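Numbers here are sequence positions counted from 1. Quick caveat, the model's predicted, so the values are computed rather than measured. What's counted below: heavy atoms across the whole structure, side chains too, no hydrogens, waters or symmetry copies.
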Amino acid sequence: MTIDNEDVYKKAGWGRSQYAVVFVCSLLFMGVGIGIGYAVGRNNSNSNIPQAGDTAQETATKPPRSPHPIDTILSSINKDNIKQNLWKYTSRPRMSGTPGGYELVQILQEAWRSSGIDEVRVTPYDVLMSYPNRTNPNRVQLLTSSGQLIFQSALFEPALDSLSNNSEIIPPFNAYAAAGISEGDLVYVNYGRIEDFLYLTQNMSIDLKGKTLIARYGKIFRGDKVKNAQRFNASGIIMYTDPSDFNRGNSTYPDSWWMPPSGLQRGTVGGDGDPLTPLYPATDYAYRVKESDVSGIKIPAQPISYGDAQHFLSEMGGEEAPLEWRGALPITYRIGPGFRNSSLKMRLEVNNFEEKRTVENVIGYIKGKTEPDRYILLGNHHDAWVFGAIDPLSGTAVLTELIRVFGEMLKSGTRPDRTIVFCAWGAEEHGLIGSTEWVEEYMKVLYERAVAYLNVDYAVDYNYVLFAGTSPLLQDSLYQATKQVPNPDTSSSDKTLYDAWKTRDNSNDLEPSVYYSLGSGSDMATFYQRAGVPSIDMWFTYDENKWDILSYPVYHSAYETVYLYENFIDPGYSYTATMAKLWGVLAWNIANEKVLKFDVRRYATAINKFIGNLKTEFGAKWTKQNVNIGALESAAQNLTTEAENFHQKVQSLQATSSAANVLQNRMINDKLIQFERAFIDCEGLPGRPMYKHVMFAPSLYDSYSDNSFPGIVDTMNEIENQNATAKWEVLKQQVSIATFIIQSAANTLKEVGL
């Protein structure tokens with residue numbers, strides 16, 4: 001630079017540093033301008049049309065379009081990754097509160113963090129857990145009157161292959177069954193349902209006080225069998241897997257998927273959540289009731305195999321069991337009490353213990369870019385009674401692979417509009433403990449902000465057809481996602497999962513059937529029943545017309561191994577990978593829809609149907625007792641009208657375009673999100689304050705399944721089957737509450753609503 005130029009700078013009052021700033025700023029503005037032009041070009045459909053005489057534009061290469069996120073999800077799910085995950089996760093037993101359970105939490109935490117999602121947390125809770133005594137395992141014995149041992153149930157399931165030969169396998173037990181001894185006469189109680197107990201006590205006049213009962217698994221939650229036994233003053237109960245329900249084949253594991261004679265079903269008989277902190281989270285500052293004050297199971301209970309059960313059932317005396325009570329063992333099923341040989345007696349010994357241990361959830365987050373305060377949650381539990389290749393770790397393997405895919409999308413700049421939360425729950429098998437405590441801790445936030453909870457307890461128990469339970473609000477979202485996912489059966493003419501589902505569903509409906517009775521058999525329960533979050537639970541399963549069985553056969557046994565999964569459940573992992581695709585597509589759709597595809601009309605339709613069922617079953621009796629069903633019907637009609645009006649308004653608003661659309665969409669979505677909450681009664685159901693959903697809640701007599709209008713149906717059950725005529729006033733109150741709740745739900749859809 002010359003001296004003359006320096007003089008020019010000085011005359012203007014500028015120095016080199018100022019001109020350097022101007023030069024750099026000019027380059028920055030030029031770069032911004034080019035960037036804006038490029039961005040506009042990518043969003044303007046006409047920007048890539050060459051102009052006459054524009055040689056440079058004619059020869060320019062069009063930038064490649066980024067794939068749609070749905071296409072990325074569908075193309076990125078890797079079956080080999082899922083397989084590797086499952087092998088790793090099932091390498092040892094994974095019960096919560098044990099070394100194998102804690103190890104899996106660390107494996108998940110590390111894998112999720114390495115995926116690149118925004119954040120991963122481990123949330124611990126110190127809760128009361130139940131375990132079997134390894135040094136003094138539970139047992140059921142057949143004895144002579146002098147105490148000589150004739151037969152004893154297996155203390156452990158024998159290994160049938162290398163995978164089921166593991167020293168960490170826990171002995172057979174029912175979690176939270178009381179420690180103790182039962183030596184009463186043996187009575188066969190079929191499935192242990194309330195109607196079975198009523199048949200024995202009313203039709204056969206059998207006094208069950210002090211008796212030891214034996215029931216086959218199935219039909220209802222095992223804990224309700226134990227509660228029924230306790231309600232009728234039995235001293236203990238034994239439960240077994242009858243081959244009529246769990247073995248329909250000519251061969252058993254390891255040669256097929258059928259339960260072998262030595263197999264048995266572990267499982268909890270307790271309630272939901274930590275017994276010491278009911279209704280509140282088990283935080284370090286939480287008040288805990290005394291263990292002696294916990295109202296739970298007070299009698300011993302124990303599972304045994306059908307091979308062992310045959311030794312006891314074959315010796316029983318008394319009348320022959322009714323035809324519908326007979327299973328498939330090669331014996332004459334008898335009721336009892338006691339044995340044909342009066343010198344025989346039986347003894348049930350349970351040595352379970354309870355202690356506080358830490359259970360852990362793994363929670364992963366992808367923060368939404370435009371609505372970070374609205375959450376779509378995906379959940380599966382990571383704990384298993386033994387290896388859990390089906391339940392739950394097929395689902396856990398899928399969840400980790402889905403997180404990997406979402407992490408890769410995030411790295412490439414693809415982020416959802418709403419926040420996506422990934423949840424691996426601890427201690428689900430003991431009673432939904434991890435999820436219940438977490439929901440209780442974040443109840444206020446979830447109640448205001450959660451959009452949907454999507455549960456996959458496990459991915460596949462057989463590679464045939466999709467099975468799904470859902471809130472009516474999520475039904476259309478589920479259908480939409482299945483139409484976007486290819487059919488895993490490539491030999492079928494059905495191209496989409498939706499088409500295959502409809503074909504194999506064996507339903508005469510115009511669309512695949514779903515069930516609204518989500519029950520409390522998995523982690524969606526607390527979200528749905530207490531926080532009012534619209535929820536789904538889904539998996540692939542077997543053809544129920546081919547096999548009329550109660551669950552997949554080796555459920556909760558030591559034979560639920562990765563060998564079983566790869567040879568009999570889903571060889572090739574095609575259906576497992578499809579569950580990952582469905583889960584991911586469903587979550588992505590809900591996380592990015594401008595207006596949620598929640599159709600409130602489906603709720604109104606369901607409610608009117610359920611009221612019709614109530615009238616058909618109870619109408620005549622209600623008329624005699626002056627039950628006000630007319631008001632209930634009127635409220636349902638009001639809901640139908642408001643649901644239709646709201647739907648039409650949403651369609652109209654979506655057809656228009658204005659600057660207010662963002663606020664309008666937020667208003668619509670908030671109403672849709674809160675609509676499910678309108679069915680939550682803060683007082684809860686009669687005698688069950690934990691269950692607050694007036695439309696759908698677990699039956700008082702079967703926690704696995706819901707009743708529609710549970711407060712009404714359970715009260716009528718007591719009136720009719722237990723001669724509780726004093727309950728008529730309770731029934732009238734429950735009808736009144738249901739009427740109020742339905743009318744309140746209708747009001748939430750109005751523009752003002754007050």
Side-chain angles (χ1 to χ4, degrees), residues 368 370-376 417-418 443-452 471-477 527-528 530-535 590 593-611 628-684 692-696 709 733-754:
T370 59
E371 292 188 274
D373 63 337
R374 294 293 182 263
Y375 321 132
I376 290 80
D417 288 337
R418 302 181 182 97
M443 178 70 75
K444 301 297 185 183
V445 179
L446 292 168
Y447 201 87
E448 292 297 324
R449 303 179 183 179
V451 177
S471 161
L473 292 181
L474 290 174
Q475 190 168 346
D476 292 285
S477 298
F527 284 92
Y528 196 47
R530 294 176 61 187
V533 179
S535 300
I590 299 174
E593 292 164 346
K594 299 304 179 186
V595 175
L596 297 167
K597 290 183 170 57
F598 293 6
D599 192 343
V600 294
R601 297 176 302 173
R602 287 198 183 269
Y603 234 117
T605 299
I607 287 173
N608 279 285
K609 178 181 178 181
F610 297 148
I611 291 175
N628 190 0
I629 194 172
L632 185 65
E633 291 178 299
S634 178
Q637 184 54 53
N638 292 341
L639 177 62
T640 301
T641 300
E642 294 302 332
E644 183 61 39
N645 291 342
F646 181 80
H647 179 78
Q648 294 301 326
K649 181 179 180 180
V650 170
Q651 298 301 306
S652 176
L653 289 174
Q654 287 185 284
T656 62
S657 177
S658 70
N661 268 7
V662 173
L663 292 176
Q664 286 177 349
N665 291 347
R666 180 82 171 197
M667 178 187 70
I668 292 169
N669 289 336
D670 282 351
K671 284 190 175 183
L672 290 170
I673 291 169
Q674 291 299 319
F675 184 72
E676 188 85 60
R677 274 72 144 180
F679 295 97
I680 297 295
D681 181 8
C682 62
E683 299 299 324
K692 301 180 182 298
H693 204 299
V694 170
M695 277 309 307
F696 304 110
F709 293 112
Q733 182 188 41
Q734 289 303 305
V735 172
S736 174
I737 290 171
T739 303
F740 163 72
I741 291 291
I742 294 170
Q743 184 59 57
S744 297
N747 292 341
T748 68
L749 299 176
K750 297 178 180 179
E751 190 165 4
V752 176
L754 296 176

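For the residue pair K597 and D476, the shortest heavy atom distance occurs at O-CB, 3.9 Å. Shown here for L473 and P534, the closest heavy-atom pair between the two residues is CD1-CG, 4.0 Å. Looking at every heavy atom in both residues, V533 comes nearest to R677 through CA-NH1, 3.9 Å. Scanning both residues, A636 and I607, for their nearest heavy atoms gives CB-CG2, 4.1 Å. Nearest heavy-atom pair, D373 versus R449, reported as atom, atom and distance to 0.1 Å: O-CB, 3.1 Å. Between I680 and Y528, the shortest heavy-atom contact is CD1-O, 3.9 Å.
At most 12 non-hydrogen atoms from other residues, nucleotides or ligands lie less than 6.0 angstrom from CZ of F740. Atom CD of E683 is surrounded by 12 or fewer heavy atoms from other residues, nucleotides or ligands within 6.0 Å.
Checking Q648 against E644 by side-chain atom types alone, a donor-acceptor pair falls below 3.5 Å. T739 and N628 are not linked by any side-chain donor-acceptor pair at a separation below 3.5 angstrom, with hydrogens and angles left out of the test. Donor-acceptor pairing under 3.5 Å is lacking for the side chains of Q674 and T748. A donor and an acceptor atom, one from each side chain of Q475 and D599, are nowhere located under 3.5 Å apart.
Remark: the backbone N or O of G368 is not paired with any side-chain donor or acceptor of D417 at under 3.5 angstrom. Side-chain atoms of R418 come within 3.5 Å of backbone N or O of E593 as a donor-acceptor pair. In this structure, the side chain of K692 does not engage the main chain of R530 through any donor-acceptor pair within 3.5 Å.
Considering only residues two or more places apart in sequence or on other chains, Y375 meets the ring pair (Phe, Tyr, Trp, His ring centres under 6.0 Å) condition with none of them.
Residue R374 forms a side-chain contact (heavy atoms from CB on, under 4.5 Å) with just one option from N669, D670, I590, and that option is D670.
The shortest side-chain heavy-atom distance between V650 and F598 does not fall under the 4.5 Å cut-off. Taking the side chain as every heavy atom from C-beta outward, S652 and H647 never approach each other to under 4.5 Å. L596 is listed as a side-chain neighbour of I673, based on a closest heavy-atom distance under 4.5 Å. Two residues are said to be in side-chain contact when any heavy atoms from C-beta on lie closer than 4.5 Å; V662 and R666 fail this criterion.
Classified by interplanar angle (parallel below 30°, tilted 30° to 60°, perpendicular above 60°), the ring pair Y603/F675 is perpendicular.
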